[in-house]
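Structure first, then comments.
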Amino acid sequence: MPATKEDLLPALERLKAAFANALEAWYLQQARDLPWRRTQDAYAIWVSEIMLQQTQVVTVIPYYERFLTRFPTVEDLAKASLEEALKLWEGLGYYSRAKNLHQAAQVVVRDFGGVVPDTLEDILSLNGVGRYTAGAILSFAYGKRIPLLDGNVKRILARLLNDDAPINQPATEKKHWAWISELLDTSENPYVFNQAIMELGATLCTPKLTKCLLCPVHELCQAFKAGRVEALPVKTPAKAVPHKHIGVALIQNADGLYFIQKRPETGLLASLWEFPGGKQEADESLEATVVRELKEELNVDVNVGRHALSIDHVYTHLKVTLHVYHTEIVSPLDALELKAAQAFKWASLEEMRALPFPKANHAILRYIEIQ
DNA sequence: AATTCGGGGCA
DNA sequence: TGCCCAGAATT
């Protein structure tokens, strides 16, 4: 039987005396050696926490190392161009993180004397820093006793208390903040507690194939006792993801350079470079899509030639197939007008390699390379 | 409260 | 394939 609202908190009261000690003792023996656990530099920890948002540890590590090698201090990042920061972020996704981090670094240099702030109010004022990230920086860099709620902790709480409340709903999240705060209160070392509970979620209390028999707190776990570990946490079902087809123009000028444009500052893949094109409409051929989109977005007339390649790609809320066609501009170039981009450029393959492109575009660059 | 932001790891 | 990941910002 799932816990009801009435006996949930009493269960927490019974657990909490033993939870932190068992968890922390386990962590001190089992902790992974992660780069951001070797530093107390608040800037480095900040960078790591931004990169780790919705991104697994193994994915982040090489990006973290490269980023801090190029930008060892917040001043180095603040001085750099957004484009260079984006190039180092290329492939990591959620590019507004890089934009917010870059902008916030300039704020830290200008308004905070180059020191990452150590108060909740100041650090929450930085772009891209929400309640979790603010707490993580204050806890890991400054040793403050602040609870952390991330995907790992939500999953652990749902199981620990055998709670069926959907973890992806704000009301549940609010409840979880209260619970994790109570648990943290019993810890003698908040830094270790916060590292340990996320370590547990990442290594043992995983979404599938949980390793309960290795878990330091499985005897306290209400879902383990009830045999419901694999059934938790509950999430409300996601809606279906639409599949769009994109017509893309590969345009080469007389000098052999390719037409690329820089996407808008907001929205999907913000400020990354791409080849021009757009979404296919109902009852429209892909060739007609390319003609229409380039007229709408660039005010040019084109002839669409042979198909070059097609690329399938999956985003969180979108599946796309890029259909790339060799294309020729047949109207005067001085009439070209940017309506859906920040900038455009005629670029060689070498130049394009130095610019940040979305992952789905990498296959187009490889195609050009082997032509 | 719901949606929009990428891309990879892993079964 | 589908789910999840050291979430934040917008609507």
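In the text below, chain A, chain B and the rest are named by the order of the sequence lines, each starting its count at 1. What you are looking at is a predicted structure, and each value in this text was computed from that prediction instead of being measured.
S96(A) comes within contact range of no nucleotide atom at all, as no heavy-atom separation falls under 4.0 Å. When heavy atoms are screened at a 4.0 angstrom cut-off, G267(A) is found touching the sugar-phosphate backbone but no base atom.
Summarising the geometry, the separation between CG on L92(A) and P on dG7(C) is reported as 13 Å, rounded to the nearest angstrom. Atom NZ in K174(A) sits about 22 Å away from atom P in dG7(C), given to the nearest Å. The nearest whole Å value for the distance from the CZ atom in F140(A) to the P atom in dA6(C) is 12 Å. To the nearest angstrom, P of dC5(C) lies 15 Å from CG of L204(A). Atom CE in M198(A) sits about 5 Å away from atom C1' in dA6(C), given to the nearest Å. Summarising the geometry, the separation between NZ on K239(A) and C1' on dC3(C) is reported as 18 Å, rounded to the nearest angstrom. Whole-Å rounding puts the W89(A) CH2 to dC5(B) C1' distance at 13 Å. Rounded to whole Å, the distance from CG on L318(A) to P on dC5(B) is 9 Å.
Checked against side chain to side chain contact (heavy atoms under 4.5 Å, CB included), K319(A) has the following partners two or more places apart in sequence or in another chain: V241(A), H243(A), V314(A). In terms of the side-chain hydrogen bond (donor to acceptor under 3.5 Å, both in side chains) criterion, residue partners of Q342(A) (sequence neighbours excluded) are, by chain and number, S271(A). With sequence neighbours left out, the salt bridge (Lys or Arg N to Asp or Glu O under 4.0 Å) criterion links K16(A) to E13(A), E182(A). In terms of the ring-ring contact (aromatic ring centres under 6.0 Å, His included) criterion, H102(A) has no residue partners (sequence neighbours excluded).
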Kindly give the atom pairs (protein nitrogen or oxygen, nucleotide nitrogen or oxygen) under 3.5 Å for nucleotides 8-11 of chain B.
from	atom 1	to	atom 2	distance (Å)
dG8(B)	OP1	K359(A)	NZ	3.4
dG9(B)	O4'	Q56(A)	NE2	2.7

Do any N or O atoms of the protein come closer than 3.5 Å to N or O atoms of nucleotides 8-11 of chain C, and which pairs are they?
from	atom 1	to	atom 2	distance (Å)
dA8(C)	OP1	G130(A)	N	2.9
dA8(C)	OP1	G130(A)	O	3.3
dA8(C)	OP1	T133(A)	N	3.0
dA8(C)	OP1	T133(A)	OG1	2.9
dA9(C)	OP1	G128(A)	N	2.5

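Classification of E75(A) and K79(A) as a salt-bridged pair fails, no side-chain N sitting under 4.0 Å from a carboxylate O. Between E281(A) and R292(A) a salt bridge is recorded (basic side-chain N to carboxylate O distance below 4.0 Å). At a threshold of 4.0 Å, the pair K339(A)-E297(A) does not count as salt-bridged, since none of the basic side-chain nitrogens sits closer than that to a carboxylate oxygen.
When each of dA6(C), dG7(B), dC5(C) is scored by its nearest atom to the side-chain atoms of P207(A), the top-ranked nucleotide is dC5(C). Considering only side-chain atoms of L269(A), the nucleotide from dA6(C), dG6(B), dC4(C) that sits closest is dG6(B). With dA6(C), dG7(B), dC4(C) as the candidates, the nucleotide lying closest to the side chain of P358(A) is dG7(B). Distance from the side chain of L268(A) is smallest to dC5(B) among dT4(B), dA6(C), dC5(B).
A donor-acceptor contact under 3.5 angstrom links the side-chain atoms of T55(A) to the base of dG6(B).
Between Y95(A) and dG7(B), a side-chain N or O to OP1/OP2 separation shorter than 4.0 Å is present. For dG2(C), one of the phosphate oxygens OP1 or OP2 lies less than 4.0 angstrom from a side-chain nitrogen or oxygen of K319(A).
Of the residues near DNA chain B, A171(A) and R97(A), the one whose nearest nucleotide (by heavy atom distance) lies more toward the 5' end is A171(A). Both P170(A) and Q54(A) sit near DNA chain B, but only P170(A) has its closest nucleotide nearer the 5' end.
Neither side chain, W89(A) nor E84(A), offers a donor N or O lying under 3.5 Å from an acceptor on the other. Judged by distance alone, the side chains of Q30(A) and E199(A) never bring a donor and an acceptor atom under 3.5 Å apart. Between the side chains of R159(A) and N162(A), no donor N or O sits under 3.5 Å from an acceptor N or O.
Rounded to whole Å, the separation between the C1' atoms of dG6(B) and dC4(C) comes to 13 Å. Rounded to whole Å, the separation between the P atoms of dT4(B) and dA6(C) comes to 24 Å.
Taken residue by residue, residues 142-151 of chain A places heavy atoms nearer than 4.0 Å to DNA chain C at D150(A), G151(A). For the contact set between residues 64-72 of chain A and DNA chain B, defined by any heavy atom under 4.0 Å, there are no members.
Legend: side-chain hydrogen bond (donor to acceptor under 3.5 Å, both in side chains) pairs involving residues 138-148 of chain A, not counting sequence neighbours, sorted by first then second residue: S139(A)-N194(A).
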Kindly list each side-chain donor-acceptor pair under 3.5 angstrom involving residues 324-335 of chain A, sequence neighbours excluded, with atom names and distances?
from	atom 1	to	atom 2	distance (Å)
H326(A)	NE2	Y367(A)	OH	2.7
T327(A)	OG1	Y325(A)	O	2.9
S331(A)	OG	D301(A)	N	2.9

Taking distance alone, no hydrogens or angles, what donor-acceptor pairs closer than 3.5 Å link side-chain atoms of residues 111-121 of chain A to residues at least two apart or in another chain?
from	atom 1	to	atom 2	distance (Å)
T119(A)	OG1	D122(A)	N	3.2
T119(A)	OG1	D122(A)	OD2	3.3

Which pairs would a plain distance check flag for residues 50-57 of chain A, meaning a side-chain donor or acceptor within less than 3.5 Å of a matching protein atom at least two apart in sequence or in another chain?
from	atom 1	to	atom 2	distance (Å)
Q53(A)	NE2	G128(A)	O	3.3
Q53(A)	NE2	T133(A)	OG1	3.0
T55(A)	OG1	M51(A)	O	3.3
T55(A)	OG1	Q53(A)	O	2.8
T55(A)	OG1	R97(A)	NH1	3.2

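Heavy atoms from other residues, nucleotides or ligands lying under 6.0 Å from CD of E351(A) number more than 12.
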